[in-house]
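The structure appears below as structure tokens.
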Amino acid sequence: MHIIAYITIIGLIIAFISNKDKEELTSYHIRQSLGIGLTSLALMIVGMIPIIGWIISILGSLFIIFLWIMGLMNAINGKMEPVPVLGEKYNEWLEGI
């Protein structure tokens with residue numbers, strides 16, 4: 001389930017619903033994936049600002065892809081390592097999940 005959390009929003013929802021036992025590894029990757037998704041949503045909102053927002057959105061999208069790949073690789077390898085830069089904050093902000 002921890003790998004499925006990174007496969008689209010539907011995978012995240014499936015992983016969240018099926019994690020009834022609150023398995024630590026799955027919960028960890030659900031938080032990381034949700035954090036990446038929320039950051040992506042924030043970048044889409046910033047992207048509505050002409051010119052500077054577009055630039056930030058494009059660069060941020062490349063960063064999101066990097067975070068997603070790193071998170072997915074950690075999940076595949078069964079590691080509980082945070083994604084670079086924002087991973088620790090995702091765990092702090094989404095602690096209740």
Side-chain angles (χ1 to χ4, degrees):
M1 279 295 127
H2 52 277
I3 297 170
I4 292 175
Y6 289 96
I7 311 298
T8 72
I9 188 72
I10 294 171
L12 179 62
I13 292 169
I14 290 170
F16 183 76
I17 291 171
S18 66
N19 192 27
K20 294 176 184 171
D21 298 333
K22 294 287 185 183
E23 183 182 328
E24 188 177 354
L25 182 64
T26 302
S27 295
Y28 181 83
H29 286 290
I30 288 171
R31 286 191 299 271
Q32 294 291 301
S33 180
L34 182 59
I36 291 169
L38 292 173
T39 304
S40 178
L41 180 65
L43 281 171
M44 287 190 323
I45 292 170
V46 169
M48 292 180 193
I49 301 169
I51 303 175
I52 190 74
W54 301 337
I55 295 169
I56 292 170
S57 182
I58 290 169
L59 295 175
S61 295
L62 295 173
F63 181 65
I64 291 294
I65 291 169
F66 170 72
L67 291 180
W68 180 80
I69 290 170
M70 293 302 294
L72 182 61
M73 293 306 296
N74 287 337
I76 289 170
N77 293 323
K79 296 179 182 177
M80 286 182 52
E81 292 182 16
V83 294
V85 183
L86 296 173
E88 291 295 329
K89 287 296 182 184
Y90 294 156
N91 281 333
E92 181 183 321
W93 295 332
L94 303 170
E95 188 175 338
I97 294 175

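Values in this document were obtained by computation on a predicted structure and should not be read as measured data.
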Kindly check if the number of other-residue, nucleotide or ligand heavy atoms within 6.0 Å of CD (E95) is above 12? no
Can you confirm whether M1 sits close enough to N19 that some side-chain heavy atom of one is under 4.5 Å from a side-chain heavy atom of the other? no
Return yes when atom CD1 of I51 has more than 12 non-hydrogen atoms of other residues, nucleotides or ligands closer than 6.0 Å, and no otherwise. no
OG1 on T26 to NZ on K20, rounded to 0.5 Å: 14.0 Å
Which value, rounded to the nearest 0.5 Å, describes the distance between I3 atom CD1 and N77 atom CG? 9.0 Å
Minimum heavy-atom distance A5-H29, with the two atoms named: CB-O, 4.1 Å
I would like to know whether Y28 and E24 meet side-chain contact (heavy atoms from CB on, under 4.5 Å); could you show each step before the answer? CA-CA 6 Å; Y28 181 83; E24 188 177 354; 5.6 Å; no
Does W54 share a hydrophobic cluster with I64, counting links as ILVMFWY side-chain heavy atoms below 4.5 Å and allowing steps through other members? no
Can you tell me how far the CG atom of L86 sits from the CH2 atom of W93, to the nearest 0.5 Å? 6.0 Å
Measuring from K79:NZ to H2:NE2, what's the distance to the nearest 0.5 Å? 12.5 Å
If hydrophobic clusters are built by linking Ile, Leu, Val, Met, Phe, Trp and Tyr wherever their side-chain heavy atoms come under 4.5 Å apart, do I52 and V46 end up in the same one? yes
Quick one: do L62 and F66 end up in the same hydrophobic cluster if we chain Ile, Leu, Val, Met, Phe, Trp and Tyr together by side-chain heavy atoms under 4.5 Å apart? no
Find out if a path of hydrophobic residues (ILVMFWY) with successive side-chain heavy-atom gaps under 4.5 Å connects M73 to W68. yes
Under the side-chain contact (heavy atoms from CB on, under 4.5 Å) test against Y6, which residue among L12, I76, I36 passes? I36
What about L25 and V83, same hydrophobic cluster or not, with Ile/Leu/Val/Met/Phe/Trp/Tyr joined at side-chain heavy-atom distances under 4.5 Å? no
Output, in order, the C-alpha distance, side-chain angles, deciding distance and verdict of side-chain contact (heavy atoms from CB on, under 4.5 Å) for F63 and V85. CA-CA 10 Å; F63 181 65; V85 183; 3.8 Å; yes
OG1 of T8 to CD1 of I14: how many Å apart, nearest 0.5 Å? 7.5 Å
Please walk me through it: do Q32 and N91 pass side-chain contact (heavy atoms from CB on, under 4.5 Å)? CA-CA 7 Å; Q32 294 291 301; N91 281 333; 3.2 Å; yes
CD1 on I30 to CD1 on I13, rounded to 0.5 Å: 11.0 Å
Steps toward side-chain contact (heavy atoms from CB on, under 4.5 Å) verdict (L67, Y90): CA-CA 12 Å; L67 291 180; Y90 294 156; 4.0 Å; yes
